[in-house]
Structures are given as structure tokens and as C-alpha cells.
Number of protein chains: 2
Amino acid sequence: MLTRPRQYLLIYESLKTQLTAGVYPKGSLLPSENELAGQFQTTRTTVRQALTELVRDGYIERQHGRGSIVRSERQTLGLLSFQGFSEVVAGDHAVRTTFLKPITLQDWPSAFVFPLTDTERVLDCLALERIRYADEHPVMLEYTFVPNVGLDDMLTNDLLDGSLFRTLHQRYQLAIIDMQQRLYAVGATARQAAVFGCALHTPLLYMERRYLTSRPGLHVYSQLYCHTDKYAISNGL
Amino acid sequence: MLTRPRQYLLIYESLKTQLTAGVYPKGSLLPSENELAGQFQTTRTTVRQALTELVRDGYIERQHGRGSIVRSERQTLGLLSFQGFSEVVAGDHAVRTTFLKPITLQDWPSAFVFPLTDTERVLDCLALERIRYADEHPVMLEYTFVPNVGLDDMLTNDLLDGSLFRTLHQRYQLAIIDMQQRLYAVGATARQAAVFGCALHTPLLYMERRYLTSRPGLHVYSQLYCHTDKYAISNGL
DNA sequence: CACCCCAACTTGTCTAGACAAGTACAGGCG
DNA sequence: CGCCTGTACTTGTCTAGACAAGTTGGGGTG
């Protein structure tokens, strides 16, 4: 009564598993149809059926004469993608970051808007307060909190290329793998109006972001206020 | 130098012409694959390639053991979840959607905020105007534009489970694989204030979103206004 | 009449090839 | 050095079958 397993689905599932596991980097090529046919002991037709499904699902693209190109490493990533500040302000603008105050080592804020994990609660945290400029206009006010897992010397060393995420990744092996956020529109407070040079109650974009890292139970948290009159917050659009 | 005409495209065009001319009544069956192979002096494989294209374009459905059915009405099923509205409003809330006006088939808006691809420019578009409610409070005003790739019967058929993305994927093989967006905070206009029942100039979150699909050069576009006083816009946080 | 079973027909899956057409790269030529 | 060209490799199209599996309808049986 068992239904015969369909080969092209087996191949499809196998490749999909590898793709979501990140076995093939984005932009790289899958093995050719002939190679796959050999690996799975079947014909090119059947392999092509599996590859067609992967195209339909958006995992790969195909290019005549070239091969099957991996389109995304992890289809499971959320829709709201995360990027650094320089990729986030729409268009080609000169971006710059200043610190409102030096990085501090402190307790987690009381009444923190994010729930902490048990791992994080027993640690103190690094706090960053930064202003981001596009073409010398202040566009973003960012408060960032990082659990202090041996990051003490970040207090004295500069960030690599000015990038927090690059520093965490290259110097501390903490990779950012996903991001969750809540979005609000709010009216500017007096302090924010002063920073952005705008009127009181000007609509600001307010984001609460939790970045998931490669270490379970460890996150980077950010609260961001954005002045979007001149510059949108974007990801690739 | 003439490129050899591709047989499956000839068959595809021939059938499409007959379908749009109403040669086959809705709900009736096309000639079987073997009959078509005979008519076009080719093999079943080639005929199947043409029929597969017609399914992708939404002209026909296929039923194992029965035949190729000319599209008319459709049933509801399936549970593929994509990041839709219900997952996007933070927390556990009863969500509901209403249409401000019926879905229309129209030209692309003049001065459209999104640049169109060549593929899209030659098509007309489906326009949706929807209000989203959380716990019976209006929280989102959404204008969506979909290039009309054989989606005409979306004008008369309901969305599967009320979900546009689910409908596009299951009924039209259009998978949403990525999203790009620009975010702004803006003050509510009179019209928006009326929809949300808020004061004029209340800060609203305004998003311009481009959804990439599994078909190159085809996108779904949305402009969204969100009232975030009571409900944040979130993804998983 | 109601029911079941079987035959004929349909689409789905798969094989084992062939040739066309696009791509990448090394090697030779100017 | 720059350019072209040939070759190996890739995907795209197509043939001529085979068997599996789902649907339909007719005929026989109770």
C-alpha cells in the first residue's frame, strides 16, 4: 500500500535541505544536471524536474550555458532583512557615525523594553549611543546594548571600519544571523527634535530591534529613532 | 540567423489563443495530451511543457487521471504561511481585513513610486485597497498592486483564506521570495485620520514595499500606512 | 435497483538518448 | 598586451517510448 517514493521529490528535498543549511553560498553554482543525475543514479530529465521546483520556490535561478545559481542561502530568514546602517539609508549618500558618549559598561537599563534571556541577565552590558548622518544631516539616533561576553576591550579599541557588527564578527566570533523588530511612528520629543534639528512632534520612525547571534541566548538590542523627512530607511529598494 | 521556433511555445500560444477566444468553455476539458501530441505532430513531453506554462499563467488546471480543465472556479485549501498581515501585528490579536473597494484591473498608477520592469510595464495591474484591523481597531491602510499575469479571475474569486500571498502561490505559482522596503514616519492626512479615527498629523508609519517573486522581473508592490499608537508592526519580536 | 469490479482513458513519473544554444576559459595571433 | 577563436562544459529543447496511478463509465452480480 506504500506509495512509491518519487525520485524528483527526493532530489528536490535533498537539495532544499542543503540550501537552507547554507551548504552552497549565495551566488554559487549547484552541481550540474549531469553530475546530479550521476549522484542520484537517475536521468537528467528527473533532475531537471527537481531543479524546476526549486526555481518555482525561489531557491535557485538557472542560466543557460552556465548552471543553477543559488539565490539565497537561507529561505527561512524573515522578510524584514537586517543590514548595517550604510546599506539602510536609501540611495547613494555619504554616511557617518558619531558617538553621543563613549561606550560604557553598565547594568541593563531598568524597565528595558526587551525581555532578557537567563544568559544575558547575569551579564552586564555594553551601551552605545550613536548618531548617524547621511550627507551630514542627522537621520538616526541609535541606542545599542550588547551583552558583555568578554568584550571589555571594546571600551578602549575602536570599531573595525566603524562597524559594530563587523567588529563582533571578526574580533569576537559573534555573527548576526537574524533580526526581529517592532516598528512605530512617534512624535519627536524635545531631545530628539534638538538632535535632528526638527520641530517638536515631527513624525519619527521608532524601531525596537533584537538581533539574534550565532550564540544561542545572546542578542544585540537596539532602539532607533529615524528622521525620514529627507532620507528613507530602506533595504535595497 | 533565425532562431528555430520552439515547438512547445507554438503549442502554448495556439492553446492560449483558443482559450482567450472562448473556444473551450470554462470547466470543460482540453484535448488529452496524446490527442494534442497527434495534432501538433510531436511527443507528449513537448505538449506537457506547453500545458505546464498554461498552468503557470492560470489558464488551466490539471487533474490526474482526468485531464486539463479550463479555469473557472476554485476551492480553498492549503496552509502555507508567509509573512502576512496576521503575523505582522505584534502580539495575539484578532485580525480582520476589509476591502475599501473591489479589486480592480487598471493601468499602473501614473507617477508610481516604484520603478517598473520592462515585463511589468507592458502588463496592466490588479489594484487592492484594504484596511486591516486588530481587535476591531483599524491599524493598517494598504494599497497593493500586482502585475496581471493571467490573474483576471482574481477579480471574481475570493482570496484563499483571505491571503493574497497564499492565493498567488497556490493558484498562480507565484512565490514571494524576498521583500525590499522603504520606511518613513509621516503625519496623517485627513483621509487617513478618518480611516484610523485619529487626529490630523498623528504620526503614521509609511512603508513602500516591493516583493520579489519567483518569476524574474515580476514584483508585487504595496504602500502601507500604519497607525502604531496601540499596535506595533513586528516580525516575531 | 444498488453495488462492485474491470477496462479504457487520463495525467504523472521516468528512462536513455540526441542536438541546439549559451558560457567560460585557455591558447594562439596580431 | 589585447583580441579572437576553439573547445569543453552547461542548460534548453525534443524524441519515443515505458509503467504508475487516478478517473470514469459500463456491465455483471447481489
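Just so you know, these numbers come straight off a predicted model, no measurement behind them. Chain letters run A, B, ... following the sequence lines, proteins first and then strands; every chain starts at 1.
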**Study point:** B:Tyr206 side chain near B:Leu224 side chain, heavy-atom distance below 4.5 Å
**Key:** no
**Study point:** Separation of atom CG in A:Leu51 from atom C1' in C:dC14, rounded to whole Å
**Key:** 15 Å
Check your understanding: Using a cut-off of less than 4.0 Å, is there contact between a side-chain N or O of B:Ser32 and OP1 or OP2 of C:dT10?
Key -> yes
Exercise for review: Provide, to the nearest angstrom, the distance between the OH atom belonging to A:Tyr12 and the P atom belonging to C:dG12.
Suggested key: 17 Å
Point to revise | Residue B:Arg62, side-chain heavy atoms: nucleotide from C:dT10, C:dG12, D:dG12 that is nearest | key: C:dG12
Practice item. Respond yes when some side-chain nitrogen or oxygen of B:Thr45 is under 4.0 Å from OP1 or OP2 of D:dT13, and no when none is. Key: no
Review point. For D:dT24, does either OP1 or OP2 sit under 4.0 Å from a side-chain N or O belonging to B:Arg66?
Key: yes
Check your understanding: Pairs in or reaching into residues 145-164 of chain B: which pass ring-ring contact (aromatic ring centres under 6.0 Å, His included), with residues at least two apart or in two chains?
Key -> B:Phe112-B:Phe145
**Study point:** Protein-nucleotide distance (B:His64, atom NE2; C:dC14, atom P), rounded to Å
**Key:** 12 Å
Exercise for review: Compare the minimum distances between each of D:dT11, C:dC14, D:dA20 and the side chain of A:Arg48, then state the nucleotide with the smallest one.
Suggested key: D:dT11
Review point. OP1 or OP2 of D:dA16 less than 4.0 angstrom from a side-chain nitrogen or oxygen of B:Thr43, does that happen here?
Key: no
Exercise for review: Using the six-membered ring wherever Trp is involved, compare the ring planes of B:Phe114 and B:Tyr221 and label them parallel, tilted or perpendicular (cut-offs 30° and 60°).
Suggested key: tilted
Review point. CG of A:Leu9 versus C1' of D:dA21: gap in Å, rounded?
Key: 15 Å
Check your understanding: Could you state the CG-C1' distance from B:Asn34 to D:dT23, rounded to the nearest angstrom?
Key -> 16 Å
Review point. Just how far, in rounded Å, is P of C:dA16 from CD of A:Glu33?
Key: 17 Å
**Study point:** Donor-acceptor pair, side chain of B:Thr228 and main chain of A:Ala185, under 3.5 angstrom
**Key:** yes
Review point. Expressed in angstrom and rounded to an integer, what is the separation of A:Arg6 atom CZ from C:dT15 atom P?
Key: 14 Å
Check your understanding: If we only count heavy atoms from C-beta on, is the A:Leu30 to A:Ile69 side-chain gap below 4.5 Å?
Key -> no
Point to revise | Closest to the B:Glu35 side chain, choosing from C:dC14, C:dG12, C:dT10 | key: C:dT10
Exercise for review: When you get a sec, tell me which of C:dC14, D:dC14, C:dG12 is the closest nucleotide to the side chain of B:Gln49?
Suggested key: D:dC14
Check your understanding: Is the distance from OP1 or OP2 of C:dC14 to the nearest side-chain N or O of A:Thr42 less than 4.0 Å?
Key -> no
Exercise for review: Round to the nearest Å and state the distance from B:Leu29 atom CG to C:dA8 atom P.
Suggested key: 21 Å
Exercise for review: Please tell me which of B:Gln63 and A:Arg44 maps to the more 5' nucleotide of DNA chain D, matching each residue to the nucleotide holding its nearest heavy atom.
Suggested key: A:Arg44
